[in-house]
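For reference, the structure is listed below as structure tokens.
All chains are named by letter (A, B, ...) in the order of the sequence lines, taking the proteins before the strands, and each is independently numbered beginning at 1.
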Amino acid sequence: MLWSKLFIPTLREDPAEAEVASHRLLLRAGYIRQLSAGLYSYLFLAQRSLLKIQAIVREEMNAIGGQEMHLPALHPAEIWQESGRWDIMGDNMFRLKDRFGRDLCLGMTHEEIMTAVARGELRSYKHLPQIWYQIQTKFRDEQRPKSGLLRVRQFLMKDSYSFDIDQAGLDAAYDSHYKTYCRIFDRCGLKYMPVEAHSGAMGGSQSHEFMVISDAGEDFVAVCKDCGYSANLEKAVSKPSTPGIADPEGDLAPEEFHTPGRKTIAEVSAFTKLPETSQMKSLVMVADGKPVLVLLRGDHQLSETKFGAIVSDPEFRTARPDEILAWFGAEAGSLGPVGVKNMPILADQALAGRRNMIAGANKDDYHLRNVTLGEDFEAEMHDLRQVGAGDECLRCDGKLDVCKTVEVGHIFKLGYKYSENMGLRVLGADGKELTPIMGSYGIGIERVLTCAIELYHDKDGMVLPASIAPFQVVVTPANCSDAAQSQAARTIYEGCLALGLDTLLDDRDERPGVKFKDADLIGIPFRIVIGKKLGSGMVELVDRKTKQTVDVAVAEAAAAVAGRLG
RNA sequence: CGGGGCGUAGCGCAGCCUGGUAGCGCACCUGCCUUGGGCGCAGGGGGUCGCCAGUUCGAAUCUGGCCGCCCCGACCA
């Protein structure tokens, strides 16, 4: 295509509101423009790149028997009420009413709709298995859209759904999606890692996320460099580090001591000259309207995801100061488990086997020493702790790292939640009704592009993988008013097209510097420059990533690019 | 939703404190010039100063309210 005819509004300066690299470059390179918070127009370049990503996704989904569909984005409330998610989704779902006052919503995902299609039509086990997918716009009323295309209110998702007669079938569908996702992200040129994930509001058992390591991300993942264990921090497990010093021996009785003004773990640690690992941290939570006392080792953090799963109330909260005072007779900072009778006590496994620790005395400015779980109080033991960097891997004793990541894909074994709630049944070979088991599998299309930019950029702009770049090569005559250069550029451009390359001809009447800067900014992998060397029949082939330049003959330029693209 | 910041031309910003003509750079248009990393010269177009109200002879500037956007936190298939 001819650059002079295209709308590619590049900016010389960085837009003020863009912080993360991908956001800044998408705006500067003329890929996107913002309409409103979390709503972006995808201009020509972005659309080309997104279409390439979608084409890769389609090819790979079709290769495992996926059948593409197109479903409504506007859904009646009833269908979400049937699955129970009308209430669960809360404010994250866009809701509206039609002219008759009927409740509708904009789809955040399509489990309900796919299941509704299936239950109307799938009658026999012979119809299974099925993999259905779509690549469509999803809507989420995010509390805080941010970071350009990373967290938006309207975005493209490939979501597929598998229907199988039994667990083995689901396992196979899950496994083939896992492998397909690896192929898709490989082809898109991403560096990514599959990690064990928490299945969240989707429900279901097994789940993996496909994560790209990036400071722009919002998810934290624990990774073991030695054995490859990796899991979302919401779910990750580890061996706690060894306590700073061994516990005092013996069957000692709790003993009160004065700790004036020492409220935090760190303050009590400094005051007692004992490491934080010698303390019990007491947190007061409110779940289902009732208080719960949570105990952790002093240096550990509560995993809210794990806690929420145990109390099965996603709406739990921390207790207010007035509630704490009423229940404990003391303020936060002097709380402990000894003598607590009016609420359940949940203790983290890291406290098992520990003896004679420090805890709050439930009396302002006092703590207890020699507190032992199982002797001085009883508690339910659970895994409540959030893994921290430096913890030991449970599988191999290696050290765990914690990385910031962006989620580009997520696969779930849904189980029977939707088929059961929504009445999807087929007849089995034995003539009895059976409930199909489902899986659901998503890919954030824009996030593939965003992550590629986060991973691959330099001071001059994007360095996109050729498979998802809007064009593969740009042909740049240095001086358009030079007829020979223009003519040679045209010839090479047509040669590239003839070889099936996505080619851009920069025929703009601009100075060479402008064209070079723009080409670098929008991230086209190769550039053929026609300049003064044309006199000796040569042009330059420039690699965007390495900036390395080689001279090639005019007649061979197109083939040289094609060769490099493989 | 809590905390912070910002709203002046398409983009980046100054002016506001101390009220009186709306400015700069880039981009854009015309002409000349130039042609290997965002050239140069000359001329030109473009802004209800986020919105509403108030104070004042007079408001981009002071006061109040509202709206929008960004960042941190909380939240998040």
Inset, instruction - Verify the contact: side-chain N or O of A/Gln143 to OP1 or OP2 of B/rG2, cut-off strictly under 4.0 Å; return yes or no. - result: no
Inset, instruction - Return the minimal non-hydrogen interatomic distance between A/Gln54 and A/Leu156, and the atom names on each side. - result: NE2-CD1, 3.7 Å
Inset, instruction - Determine which nucleotide pairs with B/rG40, using a 3.5 Å limit on both distances of a Watson-Crick or G-U wobble pair. - result: B/rC32
Using nucleotides 26-30 of chain B, report all nitrogen or oxygen pairs with the protein that are shorter than 3.5 Å.
residue, atom, partner, partner atom, Å
B/rC26, O3', A/Arg12, NH2, 3.4
B/rC26, O2', A/Arg12, NE, 3.1
B/rA27, OP1, A/Arg12, NH2, 2.9

Inset, instruction - Look at all strands and tell whether A/Arg28 reaches a base, only sugar-phosphate, or nothing, counting heavy atoms closer than 4.0 Å. - result: base
Inset, instruction - Just name whichever nucleotide pairs with B/rC16, Watson-Crick or G-U, keeping both distances under 3.5 Å, else none. - result: none
Legend entry - Counter-base of B/rU56, judged by Watson-Crick or G-U geometry with both distances under 3.5 Å: none
Legend entry - Side-chain donor/acceptor of A/Asp520 to base of B/rG37, under 3.5 Å: yes
Inset, instruction - Taking the side chain as every heavy atom from C-beta outward, state whether A/Met193 and A/Phe210 have any pair of such atoms under 4.5 Å apart. - result: no
Inset, instruction - Remember a base hit wins even if backbone is also touched, and classify A/Glu540 as base, sugar-phosphate or nothing at under 4.0 Å, heavy atoms. - result: base
Inset, instruction - Please tell me which of the listed nucleotides, B/rC39, B/rG36, B/rC70, lies nearest to the side chain of A/Val514? - result: B/rC39
Legend entry - Base partner of B/rG68, which must satisfy Watson-Crick or wobble distances under 3.5 Å: B/rC6
Inset, instruction - Answer with yes or no whether the side chains of A/Tyr441 and A/Ser162 bring together a donor and an acceptor at under 3.5 Å. - result: yes
Legend entry - Spacing of the P atoms in B/rU21 and B/rA60 (rounded, Å): 8 Å
Inset, instruction - Mind checking A/Ser147 for me? I need base, sugar-phosphate or nothing, with any heavy atom below 4.0 Å counting as a touch. - result: sugar-phosphate
Legend entry - Gap between atoms CG and P, on A/Asn92 and B/rC1 respectively (whole Å): 14 Å
Legend entry - Pair assignment for B/rU21, Watson-Crick or G-U wobble, requiring both distances under 3.5 Å: none
Legend entry - Distance-only side-chain donor-acceptor flag, A/Ser83 / A/Glu112, under 3.5 Å: yes
Legend entry - Value in whole Å for how far the C1' atom of B/rG73 lies from CD of A/Glu218: 12 Å
Legend entry - Side-chain N,O (A/Ser36) to OP1/OP2 (B/rG68) below 4.0 Å: no
Legend entry - Inter-nucleotide C1' distance (B/rG36, B/rC32), Å rounded: 23 Å
Inset, instruction - Please report, rounded to the nearest Å, how far the P atom of B/rU34 is from the CG atom of A/Asn479. - result: 11 Å
Inset, instruction - Using both distances under 3.5 Å as the test, list the Watson-Crick or G-U wobble partner of B/rG46, or none. - result: none
Inset, instruction - Under 4.0 Å between any heavy atoms, over every strand shown, what does A/Ala37 touch: base, sugar-phosphate, or nothing? Just pick one. - result: sugar-phosphate
Inset, instruction - To the nearest Å, give me how far apart CD (A/Glu19) and P (B/rC71) are. - result: 6 Å
Legend entry - Interatomic distance, A/Phe220 CZ vs B/rA74 C1' [rounded to whole Å]: 14 Å
Inset, instruction - For A/Glu234, report the nucleic acid contact type (base, sugar-phosphate, nothing); a contact means any heavy atom under 4.0 Å. - result: nothing
Legend entry - A/Tyr40 vs A/His23, side-chain hydrogen bond (donor to acceptor under 3.5 Å, both in side chains): CA-CA, chis, key distance, verdict: CA-CA 11 Å; A/Tyr40 286 88; A/His23 187 196; 3.2 Å; yes
Legend entry - A/Leu43 side chain reached by A/Ile32 side chain, heavy atoms, under 4.5 Å: no
Inset, instruction - Look at the side chain of A/Arg144 against the base of B/rG3 and say whether a donor-acceptor pair falls under 3.5 Å; ignore hydrogens and angles. - result: no
Legend entry - Pair A/Lys281 + A/Asp299: basic N to acidic O under 4.0 Å: no
Inset, instruction - Send over the distance from A/Leu43 CG to B/rG10 C1', rounded to a whole Å. - result: 13 Å
Inset, instruction - May I ask you to say what A/Asp159 touches in the nucleic acid, namely base, sugar-phosphate or nothing, with a heavy-atom cut-off under 4.0 Å? - result: nothing
Inset, instruction - Please give the nucleotide sitting opposite B/rG73 as a Watson-Crick or G-U wobble pair, both distances under 3.5 Å, or none. - result: B/rC1
Inset, instruction - Pick the P atom in B/rG25 and in B/rC70, then give their distance to the nearest Å. - result: 30 Å
Inset, instruction - May I have the distance from A/Glu142 (atom CD) to B/rG73 (atom P), rounded to whole angstrom? - result: 15 Å
Legend entry - Aromatic ring proximity A/Phe44/A/Phe7, centre distance under 6.0 Å: no
Inset, instruction - With heavy atoms under 4.0 Å as the rule, sort A/Arg527 into base, sugar-phosphate or nothing. - result: base
Legend entry - Nearest-angstrom distance, C1' atom, B/rA59 to B/rU55: 10 Å
Legend entry - Most 5' of A/Lys533 and A/Asp14 on RNA chain B, judged by nearest nucleotide: A/Asp14
Legend entry - Selection from B/rC70, B/rC39, B/rG36 that lies nearest to any side-chain heavy atom of A/Arg511: B/rC39
Inset, instruction - In whole angstrom, give the distance that lies between atom CG of A/Asp506 and atom P of B/rU35. - result: 18 Å
Legend entry - Distance, C1' atom - from B/rA9 to B/rC49, rounded to whole angstrom: 10 Å
Inset, instruction - Assign A/Tyr441 to base, sugar-phosphate, or nothing according to its heavy-atom contacts below 4.0 angstrom with the strands shown. - result: nothing
Legend entry - Check: A/Glu407 side chain, A/Met211 main-chain N or O, donor-acceptor pair, under 3.5 Å: no
Inset, instruction - Compute the centroid of each ring, for A/His110 and then for A/Tyr161, and state whether the two points are separated by less than 6.0 Å. - result: no
Legend entry - Phosphate contact (B/rC70 OP1 or OP2) by A/Lys146 side-chain N/O below 4.0 Å: no
